[in-house]
Colleague: 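This is the structure I want to talk about, given as structure tokens.
First the proteins, then the strands, lettered A, B, ... as listed; each starts at 1.
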Amino acid sequence: MLKRKIVFLVGPTGIGKSKVAITLAKKINAEIISCDSMQVYRRMNIITSKVGLAERKEVKHHLLGIIDPTKEYNVASYRKASLAICNRLFKKGKIPLFVGGTGLYYSIIVDGLFPEVPEDKLIRAKLGKLLKLKGNAYLYKRLSQVDTVAAKRIHFNDSRRIIRALEVYLKTGKPISELQSGRVGLGKDYEVKVFGLNSDRQFLYDKIDQRVGQMFNLGLINEVRRLLACKLSRTAACAIGIQELDGYFKNQYSLDEAKRIMQRNSRHYAKRQLTWFRKDKRVKWINIKKTEVFNETAKRINKFL
RNA sequence: GCCGAGAUAGCUCAGUGGUAGAGCGCGGCCCUGAAAAGGCCGGCGUGGGGGGUCCGAUUCCCUCUCUCGGCA
């Protein structure tokens with residue numbers, strides 16, 4: 001039996017994934033599933049460069065603006081929601097086209113998520129206290145005692161991961177590294193195709209700088225002001241632009257400075273995204289040399305499908 | 001034209017008679033329930049050009065070029 005096809009389009013922020021995706025989706029009878037940890041939030045449109053309503057009419061987009069920015073969202077919610085959409089699309093005879101730059105979300109879909117061990121606020125609070133009291137060396141030592149494999153992989157300064165690993169151990173009695181090895185990916189049941197957009201670094205950075213500048217023209221300041229008026233969730237508050245503009249609102253620096261920091265942080269983010277996707281050998285890279293070549297790029301991708 | 005200050009990393013600048021650092025920037029990497037987050041690693045350099053003193057000059061001396069102040 002022929003395996004059903006799932007297509008992914010990944011790459012750094014600002015490279016032009018969304019536009020290419022729309023063109024491609026029309027060609028291959030697909031609907032788009034966003035693979036972006038920030039675009040799931042409502043009222044965060046300019047700051048996340050969400051595609052406009054007109055474009056969403058051309059091709060159906062899923063998981064854009066589905067949750068209030070005061071609410072938490074995470075890989076598990078994302079996995080559940082997106083796989084459900086996948087199944088619905090198959091029933092309609094459509095190809096799911098995942099588009100986005102959140103490496104972890106991508107990986108959670110393609111390679112699977114280890115069995116349910118949700119965040120436990122109580123345990124985390126306790127571990128957080130221990131961290132403050134006794135330092136990361138202490139927590140790291142405790143982790144090494146129960147899970148050598150995980151300890152080897154986690155740096156002793158990476159307290160967030162140390163805490164998570166200990167949390168999983170305390171809740172299940174099993175080392176996180178053991179649970180992690182039990183992941184089941186999509187490759188078994190589906191034909192997975194992954195495409196990555198990239199360009200030379202300077203070109204990408206110029207586009208990112210421009211895009212951030214553009215956000216200000218579109219009304220970023222007001223959007224963020226409105227967002228800051230409510231208590232943003234831990235996750236939503238992490239979007240690039242929130243902290244940066246908050247500092248400006250609090251008169252810590254000028255608007256130009258806020259913009260500069262936003263551009264820099266976006267560049268750093270893009271770099272991390274590239275590191276993430278580059279190591280994934282399933283990615284078929286498409287190099288972008290000029291702006292506004294969505295059609296051509298979509299055609300090139302289509303050839304490989 | 002004269003006087004003064006300076007010329008060192010991509011940028012802003014430290015410092016030293018034994019071939020150099022810091023911050024920012026930049027590059028590479030890790031990542032499994034916060035991921036636009038979090039963590040790790042890396043100086044990436046014709047010390048403005050030329051000459052001199054010295055065992056040895058980025059450092060001291062001379063000279064040229066350039067930049068910035070001030071006076072004309």
Side-chain angles (χ1 to χ4, degrees), chain A residues 10-14 34-41 44 46-50 69 71-81 100-121 123-124 128 131 136 139-140 147 149-150 152-168 171-172 175-185 200-202 204-205 208-209 211-212 215 224 232-245 257 260-280:
Chain A
V10 300
T13 183
S34 162
C35 184
D36 188 300
S37 64
M38 292 300 162
Q39 294 193 358
V40 294
Y41 287 112
M44 293 178 60
I46 299 166
I47 198 172
T48 64
S49 299
K50 237 180 258 174
K71 300 270 166 38
E72 295 294 345
Y73 201 77
N74 60 41
V75 286
S77 343
Y78 177 74
R79 178 178 161 84
K80 206 173 153 194
T102 301
L104 182 62
Y105 283 15
Y106 157 78
S107 148
I108 282 316
I109 298 300
V110 179
D111 296 318
L113 181 68
F114 73 82
E116 297 266 317
V117 185
E119 169 185 2
D120 185 316
K121 288 227 158 85
I123 291 182
R124 281 201 191 181
L131 176 74
N136 48 5
L139 278 194
Y140 185 75
D147 189 346
V149 181
K152 224 177 186 170
R153 226 183 28 224
I154 301 173
H155 191 273
F156 62 84
N157 280 341
D158 199 349
S159 49
R160 199 175 280 186
R161 287 202 170 72
I162 297 174
I163 287 181
R164 169 63 181 161
L166 284 172
E167 170 188 54
V168 170
K171 284 199 82 169
T172 64
I176 191 171
S177 56
E178 188 189 313
L179 295 170
Q180 281 170 349
S181 57
R183 298 168 87 182
V184 180
D200 76 74
R201 198 57 66 89
Q202 196 50 55
L204 173 65
Y205 283 1
I208 289 173
D209 289 349
R211 171 184 273 196
V212 172
M215 286 182 192
V224 174
L232 293 177
S233 69
R234 198 170 50 176
T235 327
C238 285
I240 293 172
I242 302 280
Q243 295 310 317
E244 291 86 344
L245 279 174
E257 177 64 2
R260 208 207 98 234
I261 306 173
M262 260 187 85
Q263 288 170 326
R264 183 202 55 195
N265 290 346
S266 301
R267 291 194 299 267
H268 288 349
Y269 168 50
K271 189 171 169 298
R272 265 179 282 131
Q273 289 177 298
L274 283 169
T275 300
W276 182 287
F277 292 120
R278 261 189 311 225
K279 75 169 174 186
D280 191 319

Colleague: On a plain distance test, is the side chain of R161(A) in donor-acceptor contact with the base of G39(B) below 3.5 Å?
Modeller: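 Between G39(B) and R161(A), which were checked side chain against base, a qualifying N/O pair under 3.5 Å is absent.
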Colleague: Determine yes or no for a side-chain-to-main-chain donor-acceptor pair under 3.5 angstrom, with T172(A) supplying the side chain and V168(A) the backbone.
Modeller: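 Present.
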Colleague: Checking side-chain contact (heavy atoms from CB on, under 4.5 Å) for the pair T13(A)/R211(A): CA distance, chi angles, key distance, verdict?
Modeller: CA-CA 10 Å; T13(A) 183; R211(A) 171 184 273 196; 3.7 Å; yes
Colleague: Locate the shortest heavy-atom distance separating R267(A) from D209(A); write the atom from each residue and the value.
Modeller: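 Taking R267(A) first and D209(A) second, the nearest heavy atoms are NH1-OD1, 2.9 Å.
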Colleague: Taking only the side-chain nitrogens and oxygens of N157(A), find out if one of them lies under 4.0 Å from OP1 or OP2 of C40(B).
Modeller: yes
Colleague: Should T235(A) be listed as having a side-chain N or O under 4.0 Å from OP1 or OP2 of A35(B)?
Modeller: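 Yes, T235(A) has a side-chain N/O under 4.0 Å of OP1/OP2 on A35(B).
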Colleague: Can you tell me if the side-chain N/O atoms of R278(A) get under 4.0 Å from OP1 or OP2 in C29(B)?
Modeller: yes
Colleague: If pairing requires Watson-Crick or G-U wobble contacts with both distances under 3.5 Å, which nucleotide is the partner of A57(B)?
Modeller: none
Colleague: Distance check: side-chain N/O of R234(A) vs OP1/OP2 of A34(B), anything under 4.0 Å?
Modeller: yes
Colleague: It should be established whether R272(A) places a side-chain nitrogen or oxygen under 4.0 Å from OP1 or OP2 of nucleotide A37(B).
Modeller: yes
Colleague: Would you say a side-chain N or O of R124(A) is under 4.0 Å from OP1 or OP2 of A34(B)?
Modeller: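 So the side-chain polar atoms of R124(A) do come within 4.0 Å of the phosphate oxygens OP1 or OP2 of A34(B), strictly under.
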Colleague: Does a nitrogen or oxygen in the side chain of R164(A) sit under 4.0 Å from OP1 or OP2 of G33(B)?
Modeller: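 Checking G33(B) against R164(A), a side-chain N or O does come within under 4.0 Å of OP1 or OP2.
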Colleague: Using a cut-off of less than 4.0 Å, is there contact between a side-chain N or O of K279(A) and OP1 or OP2 of C31(B)?
Modeller: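 Yes, because at least one side-chain N or O of K279(A) sits under 4.0 Å from OP1 or OP2 of C31(B).
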Colleague: Taking only side-chain N and O atoms of R201(A), does any of them lie within less than 4.0 angstrom of OP1 or OP2 on G28(B)?
Modeller: yes
Colleague: Does C24(B) have its OP1 or OP2 closer than 4.0 Å to a side-chain nitrogen or oxygen of R264(A)?
Modeller: no
Colleague: Could you walk me through whether I163(A) and L139(A) satisfy the side-chain contact (heavy atoms from CB on, under 4.5 Å) test, starting with their C-alpha distance in whole Å, then the side-chain angles of each, then the deciding distance to 0.1 Å, before giving a yes or no?
Modeller: CA-CA 8 Å; I163(A) 287 181; L139(A) 278 194; 3.9 Å; yes
Colleague: Rounding to an integer number of angstrom, what distance separates U12(B) and C2(B) when you compare their C1' atoms?
Modeller: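 Nearest-Å result for U12(B) against C2(B) at atom C1': 31 Å.
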Colleague: Would you please confirm or rule out a distance under 4.0 Å between OP1 or OP2 of C26(B) and any side-chain N or O of H268(A)?
Modeller: yes
Colleague: Quick one, E119(A) with E72(A), criterion side-chain contact (heavy atoms from CB on, under 4.5 Å). Give me CA distance, side-chain angles, the key distance, then yes/no.
Modeller: CA-CA 11 Å; E119(A) 169 185 2; E72(A) 295 294 345; over 6 Å; no
